Amino acid sequence: MAYSDKVLDHYDNPRNVGSMSAGDDDVGTGMVGAPACGDVMKLQIKVNAEGIIEDAKFKTYGCGSAIASSSLVTEWVKGKSLAEALEIKNTAIAEELALPPVKIHCSILAEDAIKAAVADYRAKQGFVEETESGACPAVVVEKAAA
Ligand code: FES
């Protein structure tokens with residue numbers, strides 16, 4: 001299978017590889033795995049006082065498409081609000097990278113990693129996740145006052 005030029009570009013020159021301190025209150029960490037292939041993606045966001053993602057890092061143990069997808073989304077989320085970051089869909093990632101159908105799950109991994117990172121950050125700020133069984137943890141509600 002031939003990778004697109006954009007996948008090869010991100011694979012050869014991945015943006016924002018690295019780690020942040022997962023314990024910091026302004027850092028959200030998303031760690032997700034793809035059951036289909038066993039690949040793992042860690043994506044971290046650093047959020048400033050205005051609620052804007054000012055930095056993002058990733059580490060991916062996976063295929064070229066997974067590495068390219070995570071590299072791409074770290075670029076896309078920078079400068080975005082959390083709500084805007086949650087609007088990034090795997091279909092947009094797959095389209096940008098011209099992923100073939102067999103590699104769509106690699107882009108889903110990146111979308112899931114963003115959601116998990118935002119959820120982790122929000123949990124640190126006192127939000128709780130409310131998920132329906134089997135659904136992605138995309139619904140967030142404010143924690144009821146005790
Ligand atoms: Fe599984 Fe790409 S082959 S993430």
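For ligands, and for the atoms within them, numbers begin at 1 and follow the listed sequence. By convention here, the first residue in the shown sequence is residue 1. Since the structure is predicted, the reported quantities are computational estimates derived from the model, not experimental observations.
Checking Lys124, Arg122, Lys46 one by one against Asp26, the salt bridge (Lys or Arg N to Asp or Glu O under 4.0 Å) holds for a single residue, Lys46.
If you look at Ser65 next to ligand 1, there are no close heavy atoms at all, none under 4.0 Å.
Of all the atoms in ligand 1, the ones that sit under 4.0 Å from a non-hydrogen atom of Ala66 are 4 (S). Less than 4.0 angstrom separates some heavy atom of Cys106 from each of these atoms of ligand 1: 2 (Fe), 3 (S), 4 (S).
For Cys37, the nearest N, O or S atom to atom 1 (Fe) of ligand 1 falls under 2.8 Å. Backbone or side-chain N, O or S atoms of His105 reach atom 1 (Fe) of ligand 1 at under 2.8 Å.
For Glu95, the CD atom sits in a loose shell: 12 or fewer heavy atoms of surrounding residues, nucleotides or ligands are nearer than 6.0 Å.
The nearest protein atom to atom 2 (Fe) of ligand 1, hydrogens excluded, is given as Cys63 SG, 2.2 Å; this is a heavy-atom distance. The shortest contact between atom 4 (S) of ligand 1 and any protein heavy atom is with Asp39 OD2, 3.2 Å.
Looking only at side-chain heavy atoms (C-beta outward), Ser71 and Arg15 come within less than 4.5 Å of each other. Side-chain contact between Thr74 and Lys57 is absent, with no heavy-atom pair separated by less than 4.5 Å.
Using a 3.5 Å distance cut-off with no hydrogens or angles, the side chains of Lys103 and Ser69 do not pair a donor with an acceptor.
The line from CD1 of Ile53 to CD of Gln44 is 12.5 Å long, rounded to the nearest 0.5 Å.
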